[in-house]
Amino acid sequence: GLPVVLVIGGSQGAVAINDAVVESAKHLTEFSRIIHITGNYDYDRVVSEVISRKLDKEKYVIREFLTAEEM
């Protein structure tokens with residue numbers, strides 16, 4: 001029943017996007033679900049941040065990439 005926010009980053013240029021999403025994730029998950037595609041370069045770092053912030057895994061979904069079929 002919640003709106004979904006889809007964030008797509010990728011490669012080295014997405015670091016700022018990924019950081020902004022993680023920083024605001026606690027607030028965003030109060031009223032939406034987030035699907036965050038980080039890209040290969042930044043995935044491990046972002047996962048570590050998400051774990052350390054104890055974000056709700058049901059409302060904050062993080063993926064390295066999605067295939068066209070998964071989209």
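Values in this document were obtained by computation on a predicted structure and should not be read as measured data.
- Heavy atoms only, all atoms of each residue included: Leu2 and Phe31 are closest at CD2-O, 3.8 Å.
- Taking each heavy atom of Asn18 and Thr38 in turn, the nearest pair found is ND2-O, 3.3 Å.
- Residues Lys59 and Ile34 fail the side-chain proximity criterion, which asks for heavy atoms closer than 4.5 Å.
- Classification of Arg45 and Asp19 as a salt-bridged pair holds, one side-chain N sitting under 4.0 Å from a carboxylate O.
- Under the 4.5 Å side-chain criterion, counting only non-hydrogen atoms from C-beta, Val4 is in contact with Ile35.
- Here Lys26 contributes atom NZ and Tyr60 contributes atom OH; the two are 12.0 Å apart, rounded to the nearest 0.5 Å.
- To the nearest 0.5 Å, atom CD of residue Glu64 and atom OH of residue Tyr41 are 13.5 Å apart.
- Taking both residues in full, the closest heavy atoms of Ile37 and Phe65 are given as CG2-CA, 3.6 Å, listed atom of the first, atom of the second, then distance.
- With Ser52 contributing its side chain and Glu49 its backbone, the two residues share a donor-acceptor pair below 3.5 Å.
- With contacts defined as side-chain heavy-atom distances shorter than 4.5 Å, the pair Glu23/Arg53 qualifies.
- Summarising the geometry, atom NZ belonging to Lys57 is positioned 12.0 Å from atom CD1 belonging to Ile62; distances are rounded to the nearest 0.5 Å.
- Applying the side chain to side chain contact (heavy atoms under 4.5 Å, CB included) test between Val46 and each of Val21, Val15, Val22 identifies Val22 as the sole match.
- Between Glu70 and Arg63, at least one side-chain nitrogen of the basic residue sits less than 4.0 Å from a carboxylate oxygen of the acidic one, meeting the salt-bridge criterion.
- Between Arg33 and Val61 there is a side-chain heavy-atom pair separated by less than 4.5 Å.
- Rounding to the nearest 0.5 angstrom, the gap separating the CD1 atom in Ile8 from the CG atom in Leu66 is 8.0 Å.
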